[in-house]
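Everything below concerns the one structure shown next.
Remember, it's 1-based here, ligands and their atoms both numbered in the order they're listed. The basis for the numbers below is simple: all heavy atoms, side chains too, and nothing from hydrogens, waters or symmetry mates. Everything numeric here is computed off the predicted structure, so don't read it as measured data.
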Amino acid sequence: MSAAPQTMPDSRGRYGPFGGRYVPETLVAPLEELERAYAEARADKSFQKELDDLLHNFAGRPTPLQFASRLTEQLAGPRIYLKREDLLHTGAHKINNALGQALLAVRMGKKRIIAETGAGQHGVATATVAARLGLTCTVYMGTEDMERQRLNVFRMRLLGAEVVGVDSGSRTLKDAINEAMRDWVTNVRTSHYLLGSVLGAHPYPQIVRDFQKIIGEEAREQILRAEERLPDHLIACVGGGSNAIGLFHAFLGDANVKMLGVEAGGRGKSLGEHAARLAAAEGFAGARPGVLQGTYTYLLQNADGQISTTHSVSAGLDYPGVGPEHAWLAEQGRAEYTAVSDEDAVAAARTLARVEGIIPALESAHALAELIRRAPKMRKDEVVILNLSGRGDKDMEILSRYV
Ligand SMILES: *Cc1c(COP(=O)(O)O)cnc(C)c1O
């Protein structure tokens, strides 16, 4: 690779050909307002100071970078480090972004938060942060996801959020996003739409990326301290792509650091059976660029351009689109993308539980499964950082069905 890859969107919010702002007229002004407010907040040291304080004292940052000595020994491959985002308050990386955007909402004088959620993790993080900052909160959730993640629905309600079930379409994340958007259009003066991943219209992919890049910034410092050099590989699962870009961002300029994003291979390669948007080279059907929910990116769609249903054992990876910055990193060859089956992800979760005493979220287990597959082909002096994006407590019901 010659030039360093582009790490900022251009003025129209584009990463190469991807990204942008494909929205109805009514959303243009709110998005411009958000863009301005974010630019001001970014330049304001007191905003960063308040966010740092919340990240440290409320969420539990910095998270450890743990040397996984027993997994390293068992796989007889590279030296494996786990970035422990699973140890954060509410159990996943999502709170990094939720805190950042909620503070931004306060700064914009908005007292109500709207969010959508798939696995329920983003909804829980948002409800948590809204309670902490004294904001009211409405969370939209597909009824299929509500069924899969009942405990998270209860958590959100306990935290004072209103959870609204969405019964249209596939009754999952993309339908919940549509409803949240509708609410935002109607209540934009009083409400901030808190988007949970590096998706949606500009400036959301950049805002969410910026609030998640602390993962890689910490990991970079931590690995330099532990190994006195940069890692050879970064591995993370990719739903919308926020935990992955959060880890990758600080290393994008380091040409020797390889980056691997792992999508949901589900239960087969035909359309509807997986959520692999960027791993098409491996034979997963249906991914082509198109516009969904405000952004131009790779989408799972049928021959007529209808958005396809997806399948994954983990609700957090079960989405037909992927963040536009990942589409661009894939097209440049700066990051590689692959997919892992439900079955392999569950097996990897069991392995980590037994070998390291950590039950990972099924999303994170996808990244782990790919590492387990590749480790035998890696040298023993190679260093890997794997992003453990969340903990598995929320997945007990699903895991117990498999085990
Ligand atoms: C939501 C979630 C993901 C997927 O979202 P990204 O935006 O791709 O990070 C991954 N892991 C966990 C634990 C999650 O809760």
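- Between Phe67 and Tyr81, the ring-plane angle classifies as tilted under the 30° and 60° cut-offs.
- A donor-acceptor pair shorter than 3.5 Å cannot be found between the side chains of Glu85 and Asn387.
- Numbered from 1 in the order shown, with element, the atoms of ligand 1 that lie under 4.0 Å from a heavy atom of Gln121 read 15 (O).
- Heavy-atom separations between Cys237 and ligand 1 include at least one value shorter than 4.0 Å.
- Annotation for ligand 1: atoms under 4.0 Å from non-hydrogen atoms of Gly390 are 13 (C).
- Asn178 and Gln293 share a donor-acceptor pair across their side chains, judged by distance under 3.5 Å alone.
- Taking the ring axis of Phe58 as reference, the NZ or CZ atom of Arg132 stays within 45° of it and closer than 6.0 Å to the ring centre.
- For atom 12 (C) of ligand 1, the closest heavy atom belonging to the protein is Ser389 OG, 3.5 Å.
- Taking the six-membered ring for Trp and thresholds of 30 and 60 degrees, Tyr296 and Tyr22 have ring planes inclined between 30 and 60 degrees apart.
- Against a heavy-atom cut-off of under 4.0 Å, Ser197 is close to the following atoms of ligand 1: 6 (P), 7 (O).
- Heavy-atom contacts of Ser242 reach the following atoms of ligand 1: 6 (P), 7 (O), 8 (O), 9 (O) (cutoff under 4.0 Å).
- Contact annotation: the side chain of Thr186 never approaches that of Arg182 to less than 4.5 Å [non-hydrogen atoms, C-beta and beyond].
- Within ligand 1, the atoms closer than 4.0 Å to a non-hydrogen atom of Ala361 are 13 (C), numbered from 1 in the order shown.
- Between His93 and ligand 1 there is a heavy-atom distance shorter than 4.0 Å.
- The cationic atom of Arg220 (NZ for Lys, CZ for Arg) lies less than 6.0 Å from the six-membered ring centre of Phe251 and within 45° of the ring axis.
- The protein heavy-atom contact nearest to atom 10 (C) of ligand 1 is Glu363 CB, 3.5 Å.
- For ligand 1, none of its N or O atoms has an N or O atom of Ser364 under 3.5 Å away.
- Lys94 counts as a contact of ligand 1, since one of its heavy atoms falls under 4.0 Å from the ligand.
- His274 and Thr310 share no side-chain donor-acceptor pair at under 3.5 Å.
- The salt bridge (charged side-chain N to carboxylate O under 4.0 Å, His left out) test with Glu33 singles out one residue from Lys110, Arg107, Arg189, and that residue is Lys110.
- Considering backbone and side-chain atoms together, Gly241 places an N or O closer than 3.5 Å to an N or O of ligand 1.
- In terms of protein heavy-atom proximity, atom 4 (C) of ligand 1 is nearest to Gly316 O, 3.4 Å.
- In terms of N/O distances under 3.5 Å, ligand 1 is approached by Gly239.
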